[in-house]
Amino acid sequence: MGGWRDMSMEALEDQYSPSRWSPRLDRDTIIDAHLAVTAAGTERARASAQTLLHVPYGNGDGEKLDIYFPTDPCETFPVLVYIHGGYWQCLSKDDSGFAAPPLVSQGVAVVAVGYDTAPEGHMDAMVQQVRRSLVFLVEQYPRIRGIYLCGHSAGAHLAAMVLSTDWTEFQEVPEIKGAVLVSGVYDLEPILHTYVNDVLNMSREVAQRNSPMRHVTPAVPAACEVFVAVAQHDSPEFRRQSQEYSQVSTRQLQEYRQALRAAGWSVSLLDLAGVDHFDIIEKLSEDSYVLTQVILNMISRA
């Protein structure tokens, strides 16, 4: 059948080990460096912005939000909802505020979403938690003028699943106007055959049910702009997943693109040179970074 199915287990695990692909640092160093950068950035954001931390949106241990309010809020304001990565089993909202300063200074609120990671959390539950966090925001903060999603790695997967939501089962329909999906995984089936699933313990049914690539024909809100970003130094498998999700190459996905266009959506691939799986998202703390500008321009167009 070709592709990842023809890889040895060792090769597949290499493909889904982002730390092995960075030219900047070795695999044993880059994770610690990433954690240090995002923690320091979040500390700076909390020191400079008005915040509400650990706001519960449900009863689960991980069901909490950190909210960074705009420096000079208008009567209404847009919100960027950031969903952290960590292969659905590590990292947290507590180190996810690093992107706030360039956005809050431009009138955009930033919300870092927490969810119950594995092994306590399960994939179905994580997806539902992120969906419910948006409903909570809409209910609690009527001044919100449009929600914009940003997710990294596993967080990009969760954001893509939000885009596939049938909101009829919820009491509110969040006004999602845009999404930036960064170095994500959109088909979970290859993950089943790697070390990542040792903790997730997904069955094939669960993986298929929670693969955005397989659920791309929902009724969607109109006029949503989606950017799928991938790093030059992401692994070939990560790059393939982003390219296929954005290019919409199969018949099912072609129908999805037609549906998106009919609803006023646009889907674009951003292939970013000179970055890896980690600094592609770390640089969101910089005002001049291309993805920071993509987010601000997307919001200004809405």
Side-chain angles (χ1 to χ4, degrees), residues 1-21 60 62 83-91 115-132 149 151-169 179 181-220 226 228 230 234-257 259 277:
M1 298 180 70
W4 66 267
R5 298 177 189 277
D6 289 341
M7 295 180 188
S8 67
M9 181 175 292
E10 182 180 8
L12 193 62
E13 294 213 338
D14 276 347
Q15 290 289 325
Y16 285 95
S17 298
S19 61
R20 303 186 184 190
W21 296 88
I83 308 165
H84 70 80
Y87 260 155
W88 306 277
Q89 55 199 273
C90 60
L91 304 185
Y115 53 93
D116 289 316
T117 54
E120 290 79 11
H122 301 278
M123 188 60 70
D124 288 326
M126 289 183 239
V127 170
Q128 285 297 98
Q129 284 177 322
V130 175
R131 289 167 171 163
R132 286 193 291 103
L149 306 176
H152 174 236
S153 197
H157 158 266
L158 293 171
M161 286 301 294
V162 169
L163 295 179
S164 298
T165 303
D166 178 1
W167 292 105
T168 58
E169 64 181 273
L181 312 178
V182 184
S183 292
V185 177
Y186 308 104
D187 179 4
L188 299 188
E189 191 165 353
I191 296 293
L192 296 176
H193 308 281
T194 72
Y195 69 95
V196 179
N197 200 43
D198 292 348
V199 177
L200 295 175
N201 197 29
M202 288 188 297
S203 66
R204 189 164 184 262
E205 180 184 14
V206 169
Q208 291 182 346
R209 183 164 63 238
N210 290 288
S211 289
M213 198 85 78
R214 298 172 179 269
H215 301 284
V216 289
T217 54
V220 295
V226 180
V228 182
V230 65
D234 266 318
S235 75
E237 265 295 284
F238 268 86
R239 290 177 57 79
R240 176 192 67 80
Q241 289 235 12
S242 289
Q243 289 161 356
E244 289 190 3
Y245 184 67
S246 63
Q247 290 172 356
V248 214
S249 57
T250 66
R251 181 175 181 275
Q252 180 190 22
L253 296 182
Q254 286 170 350
E255 291 174 353
Y256 176 52
R257 171 166 280 183
H277 189 81

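Just so you know, these numbers use all the heavy atoms, side chains as well, and skip hydrogens, waters and symmetry mates. Because the structure is a prediction, the values reported are computed rather than measured. Sequence positions, counted from 1, serve as the residue numbers for this chain.
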- Message: Do Q241 and P190 make a side-chain contact, defined as non-hydrogen atoms from C-beta onward lying under 4.5 Å apart?
- Response: yes
- Message: I'd like to know if the side chain of E169 and the backbone of W167 have a donor-acceptor N/O pair within less than 3.5 Å.
- Response: no
- Exam field: side chain H277 to backbone F238, donor-acceptor pair closer than 3.5 Å: no
- Message: Distance check, rounded to the nearest 0.5 Å: N201 atom CG versus M123 atom CE?
- Response: 11.0 Å
- Query: Any idea which heavy atoms bring S242 and V228 closest together, and the distance?
  - Reply: O-CG1, 3.7 Å
- Item | Residue list, side-chain contact (heavy atoms from CB on, under 4.5 Å) with S203, at least two apart or on another chain | E205, V206
- What are the two closest heavy atoms between Y16 and V196, and how far apart are they? O-CG2, 4.4 Å
- Does the side chain of I191 reach to within under 4.5 Å of the side chain of Y87, using non-hydrogen atoms? yes
- Within the distance-only criterion (no hydrogens, no angle test), does the side chain of S153 pair as donor or acceptor with the backbone N or O of G85 below 3.5 angstrom? no
- Query: Which heavy-atom pair separates L91 from T117 by the least distance, and what is that distance?
  - Reply: O-CG2, 4.3 Å
- Heavy-atom side-chain proximity of M126 to L158 below 4.5 angstrom: yes
- Query: What pair of heavy atoms forms the shortest contact from Q15 to S235, and how long is it?
  - Reply: O-OG, 2.6 Å
- side-chain hydrogen bond (donor to acceptor under 3.5 Å, both in side chains) partners of residues 120-129, not counting sequence neighbours, each pair once: E63-Q129, D116-Q129, D124-R209, D124-N210, Q128-R131
- Task: Write out all pairs satisfying side-chain hydrogen bond (donor to acceptor under 3.5 Å, both in side chains) with one or both partners inside residues 181-191, taking only residues at least two apart or from two chains.
- Result: S183-D234, E189-R204, E189-R214
- Message: So which atom in V226 and which in L163 form the shortest heavy-atom distance, rounded to 0.1 Å?
- Response: CG2-CD1, 4.0 Å
- Note on the structure: A11 meets the side-chain contact (heavy atoms from CB on, under 4.5 Å) criterion, sequence neighbours left out, with M7, S8
- Excluding sequence neighbours, so at least two apart, what forms side-chain contact (heavy atoms from CB on, under 4.5 Å) with E13? M9, T194, Y195
- Query: Does a donor on one side chain and an acceptor on the other come within less than 3.5 Å for W88 and H157?
  - Reply: yes
- Query: Taking only residues two or more places apart in sequence, or in another chain, which ones meet H84 in a ring-ring contact (aromatic ring centres under 6.0 Å, His included)?
  - Reply: Y115
